[in-house]
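Below is one structure, written out as structure tokens; the observations come after it.
Worth knowing before you read on, the calculation uses all heavy atoms, side chains too, and leaves out hydrogens, waters and symmetry mates.
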Amino acid sequence: MTETGSATEDREIISLKTKAFIADLLSSVNIDDSIRDIISHIIEEVGKFTHSDMVCIYEAGTETDRVTKEYQWRSGEQVVEDEKTQAIQERGLGDWIRTLNMKKLVLIENRESVKDSFPREYERMEKQGIQAFLIIPLYIKNKMPSCMCLINPDLPEFALLEKTWLYLGQEIGLYYNQERINRKYLMFMEGIRSSNLSEFLVDYTAKRYEALRITRVLSNVIPEQGEWEWIRKFYASIIKPEYREEFLRRTGQEYMETFLCKEQNSFSIDLEREVNGNNTWFRLEFSVVSVDENGHLERFVVLVKDITQMKKEEEEHHQMIKALSSFYKVSFMIDMENGMTQVIKHSDTFIKHYPDGMMPYNVFLETFSDQMVEKEYTQSVREFMDLDTMEQRMKDADVLSCEYHGKQIEWGRIVLAPAKWDQSGRLQKVVFAVQDITEQKTREEWLQFKMEHDELTGALNRTAFSRVTKMLESSVTPFALVLLDIDKFKSINDNYGHDVGDLVLSRLVSVLNEEMRAVDKVFRLGGDEFAVIMNRLTSAQAGLVKKTIESVNNTITSCTNELPPFTISAGVTFTASGYNETVYHNADKALYRTKETTHKGCTVFEEMEPVSEAQ
């Protein structure tokens with residue numbers, strides 16, 4: 001790549017990274033924070049991203065070019081004196097005002113560039129240790145020249161990103177003027193208006209409401225303005241008696257000031273009423289609009305929605321879940337809001353532990369994991385059923401499952417599926433079901449056995465060898481790799497036939513299994529080539545490997561009526577730093593050394609003398 005091409009690519013990367021940073025920064029702003037917290041968060045992240053010594057926001061003063069420092073962030077890696085920004089505050093923006101008013105950046109990339117044209121500014125920058133700075137115009141309270149100043153930023157190519165930084169300045173101005181918060185509220189109201197029966201804006205300080213929207217029928221009953229207490233009593237009077245106490249409690253002063261203001265920014269209440277003999281449902285949704293500087297509730301909005309159709313669909317969904325539960329041994333409904341578990345279906349196996357009805361989720365989890373799950377799976381099942389992380393996991397994957405070895409059924413699968421989300425995307429209800437997969441696991445284990453075992457000899461095959469050696473790549477436990485084959489196996493096939501050759505292969509595997517230890521694994525790699533992984537052995541135990549191979553040879557050389565005598569050659573190497581291709585090649589070299597010298601024996605790679613080039 002040419003130097004010009006490389007520079008262009010670097011500029012593109014810087015541009016993309018900067019735009020991505022600003023997008024992520026603005027999306028990370030918590031609109032419910034105070035203006036001071038929002039602005040402080042923004043300038044801190046800008047300072048870190050640009051590696052600036054300091055970032056300040058100056059607000060325009062009464063004089064034309066004078067500014068006052070309102071916000072400041074300092075790098076933790078730099079001891080930055082206030083005098084570095086004092087020049088701007090004392091002297092004002094001077095010659096830069098015209099540039100800022102034209103909605104352009106003021107960029108001094110190197111103080112040497114102003115040495116001749118602005119000698120006084122150069123002298124001041126040199127004295128105060130300012131190498132470079134960037135000034136971004138802000139429209140704060142409709143006054144100019146307010147600005148954000150970055151002292152000694154380290155990010156190059158600012159001039160190429162002027163529009164990007166001007167956009168950030170515009171957004172900061174919106175937050176500073178609280179326009180962004182008001183805009184969000186108006187968009188929020190506009191987006192949900194079409195689905196509401198009624199809307200009330202409540203001034204909680206004055207304990208009064210204003211009806212923003214109301215149905216034609218209720219307009220003859222509910223005044224457009226009035227006392228908030230009147231609204232509470234009105235809705236309490238039209239709902240079924242069993243809902244009244246809970247409704248009045250959750251709309252009372254203590255609950256509103258603690259739960260709505262301090263713990264959550266919104267909540268909802270579902271209520272049922274009877275109209276002309278028919279049951280109808282509606283939902284009251286409460287959302288905070290503003291709080292005072294001490295965190296006390298000032299205003300909130302109440303939205304009234306008709307949810308009768310939704311409740312009907314929920315009931316149909318519940319019936320569908322019951323029908324689907326016929327595929328499962330047991331099933332429960334978990335209520336994420338109140339932490340209770342409701343039985344949907346149980347079997348004789350579970351009935352003694354879960355009588356029909358409700359139970360707290362923690363009791364349900366404790367009983368299930370202790371009474372139904374084998375000890376070695378208890379921890380993984382509890383982690384899988386963790387309520388605190390369940391919602392996030394279900395956003396990533398709609399259905400969650402976990403297999404376990406059980407006490408009542410040999411193998412079970414737990415399935416967690418969302419049954420209900422609220423309109424804000426919060427998980428409300430989850431179906432818990434258990435399926436007996438013992439037959440499936442047995443079938444899978446048999447298929448796995450067939451996939452990894454040699455049909456002729458019953459030894460593990462090359463597929464299994466690949467899987468096991470992959471697992472051993474990061475192992476720190478020492479082991480030995482033995483590679484071996486049958487001496488002159490081709491002549492056995494030629495003289496006695498392939499049927500006898502197959503019997504010889506099976507006989508060898510049988511003898512290897514007898515002579516090797518229980519922790520060792522025997523593999524047939526193909527033809528008459530075999531491998532043995534001898535676990536927990538070091539080169540100090542090379543004698544044990546040699547003795548084992550000798551014992552195998554002594555056994556298979558014994559004459560039988562069915563098979564001719566035969567021998568094997570082997571090569572072995574040792575490792576304590578995991579498996580890799582070098583380990584295999586070393587064992588193969590040792591095998592080759594045996595084949596070209598003695599046959600019927602075993603060569604240890606670590607004991608081999610290097611072969612000279614002359615040889």
Please list, chain by chain and in numerical order, all residues satisfying salt bridge (charged side-chain N to carboxylate O under 4.0 Å, His left out) with [X], sequence neighbours excluded.
X: E44; answer: K48
X: E403; answer: R413, K441
X: K395; answer: E391
X: R244; answer: none

Salt-bridge present (R283, D306; N to O < 4.0 Å):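 Here R283 does not pair with D306 in a salt bridge, since their nearest N and O are not under 4.0 Å apart.
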Atom CD of residue position E242 - does it have more than 12 heavy atoms of other residues, nucleotides or ligands inside 6.0 Å?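 Counting neighbours around CD of E242, more than 12 heavy atoms of other residues, nucleotides or ligands fall under 6.0 Å, so yes.
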Should F247 and I239 be marked as a side-chain contact (heavy atoms from CB on, under 4.5 Å) after you check the CA-CA gap, both sets of side-chain angles, and the distance that decides it? CA-CA 9 Å; F247 169 74; I239 60 178; 4.1 Å; yes
Of all residues at least two apart in sequence or in a different chain, which pass the side-chain hydrogen bond (donor to acceptor under 3.5 Å, both in side chains) check with [X]?
X: R382; value: E366, S369, D370
X: D37; value: S34
X: S268; value: none
X: Q428; value: E337, K420

Where [X] and [Y] come nearest, the two heavy atoms and their spacing:
X: Y243; Y: E272; value: OH-OE1, 3.1 Å
X: M256; Y: Y204; value: CB-OH, 4.0 Å
X: T205; Y: L297; value: OG1-O, 4.1 Å
X: S75; Y: S52; value: CB-O, 3.5 Å
X: F282; Y: R273; value: CE2-CD, 3.7 Å
X: V289; Y: V301; value: CG2-N, 3.9 Å

Could you go through the side-chain contact (heavy atoms from CB on, under 4.5 Å) check for Y209 and I222 one step at a time? CA-CA 11 Å; Y209 75 89; I222 300 177; 3.7 Å; yes
Applying side chain to side chain contact (heavy atoms under 4.5 Å, CB included), name anything that partners [X], two or more places apart in sequence or on another chain.
X: D386; value: D388, T389, R393
X: S290; value: E298, R299
X: A417; value: V399

About how many Å separate [atom2] of [Y] and [atom1] of [X], when rounded to the nearest 0.5 Å?
X: R36; Y: I38; atom1: CZ; atom2: CD1; answer: 12.0 Å
X: I43; Y: C149; atom1: CD1; atom2: SG; answer: 11.5 Å
X: L105; Y: I108; atom1: CG; atom2: CD1; answer: 11.5 Å
X: W73; Y: I151; atom1: CH2; atom2: CD1; answer: 12.0 Å

Could you check if a side-chain atom of [X] sits within less than 4.5 angstrom of a side-chain atom of [Y], using non-hydrogen atoms only?
X: M148; Y: V55; answer: yes
X: V202; Y: V302; answer: yes
X: P153; Y: V46; answer: no
X: L212; Y: F200; answer: no
X: L365; Y: T367; answer: no
X: I334; Y: K429; answer: no
X: L166; Y: P137; answer: yes
X: M394; Y: L416; answer: yes

Could you name each residue pair satisfying side-chain hydrogen bond (donor to acceptor under 3.5 Å, both in side chains) that touches residues 225-235, not counting sequence neighbours?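 Sorted pair list: R208-E227, E229-R232, R232-T251.
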Donor-acceptor under 3.5 Å (N152 side chain, I130 main chain):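 The answer is no, because no donor-acceptor pair under 3.5 Å joins these two groups.
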Checking the side chain of S380 only, and the main-chain atoms of Y377 only, is there a donor and an acceptor separated by less than 3.5 Å?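 Yes, S380 side chain to Y377 backbone: donor-acceptor pair under 3.5 Å.
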Can you see whether K240 engages N279 through a side-chain donor-acceptor pair at a distance of less than 3.5 angstrom?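 Per modelled atom types, K240 and N279 side chains form a pair under 3.5 Å.
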side-chain contact (heavy atoms from CB on, under 4.5 Å) between L284 and L303: does it pass, once the steps are laid out? CA-CA 6 Å; L284 271 64; L303 312 177; over 6 Å; no
Test K311 against D270 for side-chain contact (heavy atoms from CB on, under 4.5 Å), laying out the working first. CA-CA 10 Å; K311 286 292 184 180; D270 291 353; 3.5 Å; yes
Please verify the inter-ring angle class for Y404 with F368; under 30° counts as parallel, over 60° as perpendicular, anything in between as tilted.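 Judged by the thresholds at 30° and 60°, the geometry between Y404 and F368 is perpendicular.
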